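Worksheet: one structure, shown below.
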Number of protein chains: 2
Amino acid sequence: MTELGGQARNPARVRAFEGVLARIEERIAADGLTVGDRLPGERQLAEQLQVSRSSVREALRVLESLGVVSSQVGRGPDAGAVLTSRPGSALTGLLRLHLGLATLSLREVVDTRLMIEQWSAGHAARSGAGLETMARAIAAMDAARSPEEFVEHDVAFHAAIAEASGNRLTSAIMQALRGAVQRFAIDAVVRLGDTGGLQADHRRIHDAIRDGDAATAVEAIAVHLERAYPSTAGPAS
Amino acid sequence: MTELGGQARNPARVRAFEGVLARIEERIAADGLTVGDRLPGERQLAEQLQVSRSSVREALRVLESLGVVSSQVGRGPDAGAVLTSRPGSALTGLLRLHLGLATLSLREVVDTRLMIEQWSAGHAARSGAGLETMARAIAAMDAARSPEEFVEHDVAFHAAIAEASGNRLTSAIMQALRGAVQRFAIDAVVRLGDTGGLQADHRRIHDAIRDGDAATAVEAIAVHLERAYPSTAGPAS
DNA sequence: GATGCATGTATGGTCTGACCATATTTGGTC
DNA sequence: GACCAAATATGGTCAGACCATACATGCATC
């Protein structure tokens with residue numbers, strides 16, 4: 001995280017918390033720390049690294065925002081800074097902020113989601129993974145009695161597609177993208193009034209993946225996202 | 001953050017710096033703040049939000065790690081916390097950490113990069129954007145006298161493909177992915193000894209985009225990444 | 001008036017030390 | 001053995017101080 005400070009005109013100038021980040025990163029690599037392991041306490045870490053506890057805390061806040069650690073108060077085996085793995089939630093926050101800053105447009109987010117979902121569906125069509133989860137989600141959407149409930153299972157359906165790729169990174173990105181456009185999804189369901197079209201899309205996607213027909217799956221996903229986010233997703237790809 | 005539903009009895013469940021984050025986010029949305037605008041000073045912010053300066057600083061560290069603000073010391077128009085937009089560097093740090101934690105494998109990162117680069121190349125073949133930049137990068141690689149110099153222009157070449165998509169989000173992700181696997185790129189150049197194959201790939205990609213031949217561009221990129229990261233990138237897509 | 005240097009000042013960066021809130025651990029009591 | 005109170009370790013927060021930096025100001029000089 002040495003580039004956090006922006007311009008590195010003076011390389012000798014490293015803020016204390018950046019040094020802490022570097023040392024913690026080193027330790028993760030050297031000691032082979034992994035998810036579930038605990039970091040030393042803030043006070044202990046401060047003493048080891050010869051910085052103040054404030055600096056340690058700033059570094060921990062950064063790691064927490066990146067979804068790498070999770071802090072628990074109290075005492076016992078679960079207390080303290082524990083290494084976790086939540087790249088998805090970190091990405092969600094990142095996207096939300098940049099959407100708010102107008103650094104990114106909804107169009108760009110939806111297009112990216114289209115890219116990932118089509119790519120994942122292609123993989124799914126070859127591996128046949130996740131079909132059961134998708135079918136269950138479709139059935140649950142049929143039984144849904146409110147837009148919110150429908151969208152809840154819709155999320156599960158699309159998450160199943162992403163997970164079928166077997167790639168945790170694309171899954172995490174997908175999850176974050178979905179989170180960033182979540183509020184538009186409910187709007188879409190309410191606006192359409194009828195979920196028949198969306199469900200027809202879902203069945204078409206599921207069937208294409210089941211039949212190993214990647215081309216149809218890819219096309220069906222494009223149709224589906226265009227239906228859900230009209231005038232946003234362009235004729236991308 | 002997410003656990004323990006109900007019990008809104010104790011307001012201390014939200015940490016102070018999280019409140020600061022929320023308030024700053026609100027202000028960005030409400031005041032329409034955008035890149036280049038300045039936030040109030042740390043001391044002033046602390047007083048306005050009725051928290052300590054430490055809490056304000058922790059919130060600012062989070063925003064900085066997400067590529068939303070950049071802090072400059074000193075005095076003047078450029079000093080203080082300025083809103084920026086560097087989702088790329090934030091993503092780079094995120095990926096590097098999660099790679100270190102073994103949350104993500106190199107394979108997953110390279111596969112994701114393949115996805116984005118193929119998608120971008122498809123767009124580029126349709127729009128013809130970025131061809132000049134690509135050609136310049138290829139020429140610069142020809143003239144390079146060290147692996148490091150070669151890789152430097154290689155980065156520019158692949159960045160041009162990503163930017164040709166016109167999607168800042170995929171560009172940022174691409175930049176981050178590239179940064180995460182950077183060290184493997186130099187290894188690859190040294191290992192191959194001869195950059196002729198890589199350059200042939202580059203020319204083939206460039207020519208396909210120039211000719212609007214998306215299918216060839218996509219295939220050439222797969223070949224290229226397989227050459228650079230053998231046994232890592234699978235026959236993905 | 002223009003120039004240049006000394007001083008002022010606002011800003012982030014860091015540290016210290018204290019206290020609070022929480023949750024486990026410990027140990028004593030019944 | 002069960003139960004409850006105290007001790008303790010941990011993160012969360014705060015207040016205040018000082019340093020380093022870099023622009024702003026103003027005076028002295030030319």
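Source: prediction; values computed, not measured. Quick note on labels: first sequence line is chain A, next is B, and so on, each numbered from 1.
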Identify the pairs formed between an N or O of the protein and an N or O of nucleotides 8-10 of chain C at a distance under 3.5 Å, and give each distance.
residue: C/dG8; atom: N2; partner: B/Arg75; partner atom: NH1; Å: 3.4
residue: C/dT9; atom: O4'; partner: B/Arg75; partner atom: NH1; Å: 3.1
residue: C/dT9; atom: O2; partner: B/Arg75; partner atom: NH1; Å: 3.2

Value in whole Å for how far the P atom of D/dG12 lies from CG of A/Leu60: 9 Å

Most 5' of A/Ser71 and B/Gln50 on DNA chain D, judged by nearest nucleotide: A/Ser71

Any residue meeting salt bridge (charged side-chain N to carboxylate O under 4.0 Å, His left out) with B/Arg57, in chain and number order, not counting sequence neighbours: A/Glu58, B/Glu42

Under the salt bridge (charged side-chain N to carboxylate O under 4.0 Å, His left out) test, residues paired with B/Asp142 that sit two or more places apart: B/Arg203

Donor on one side chain, acceptor on other, B/Arg107 and B/Tyr229, under 3.5 Å: no

Residues that A/Val151 engages under side-chain contact (heavy atoms from CB on, under 4.5 Å), provided they are two or more places apart: A/Val155, A/Arg178, A/Gln182, A/Ala185, A/Ile186, A/Val189

Residues that B/Thr84 engages under side-chain contact (heavy atoms from CB on, under 4.5 Å), provided they are two or more places apart: B/Ser70, B/Arg86

Length of the CD-P vector between B/Glu58 and C/dG12, whole Å: 16 Å

Do any side-chain atoms of residues 26-34 of chain B form donor-acceptor pairs under 3.5 angstrom with protein atoms, and if so which ones, sequence neighbours left out?
residue: B/Arg27; atom: NH1; partner: B/Gln48; partner atom: OE1; Å: 3.4
residue: B/Arg27; atom: NH2; partner: B/Gln48; partner atom: OE1; Å: 3.0

Whole angstrom value for the distance that separates P of C/dT11 from CD of B/Glu47: 12 Å

Distance below 4.0 Å between A/Ser55 side-chain N/O and C/dC15 OP1 or OP2: yes

Length of the CD-C1' vector between A/Gln44 and D/dA9, whole Å: 11 Å

N or O in side chain of B/Arg15 less than 4.0 angstrom from D/dG11 OP1/OP2: no

With sequence neighbours excluded, residues passing salt bridge (charged side-chain N to carboxylate O under 4.0 Å, His left out) with A/Glu163: none

Grab the N/O contacts between the protein and nucleotides 16-18 of chain C below 3.5 Å, and write none if there aren't any.
none

Between P of C/dT24 and CD of A/Gln72, the distance in whole Å: 10 Å

Donor-acceptor pair between A/Ser105 and A/Glu108 side chains, under 3.5 angstrom: yes

Atom-to-atom span, CZ of A/Phe17 to C1' of C/dT14 - whole angstrom: 12 Å

All side-chain hydrogen bond (donor to acceptor under 3.5 Å, both in side chains) counterparts of A/His153, not counting sequence neighbours: none

B/Glu42 CD to D/dA15 P, straight-line distance once rounded to whole Å: 15 Å

Partners passing side-chain contact (heavy atoms from CB on, under 4.5 Å) against B/Ser127 (at least two apart in sequence or in another chain): B/Ala129

With A/Arg191 via side-chain contact (heavy atoms from CB on, under 4.5 Å) - residues at least two apart: A/Ala188, A/Pro230

Axial bend angle, the helix from C/dG1-D/dC30 to C/dC30-D/dG1: five-pair end segments, nearest 10°: 10°

Rounded interatomic separation in angstrom, taking CZ from A/Arg57 and P from C/dC15: 15 Å

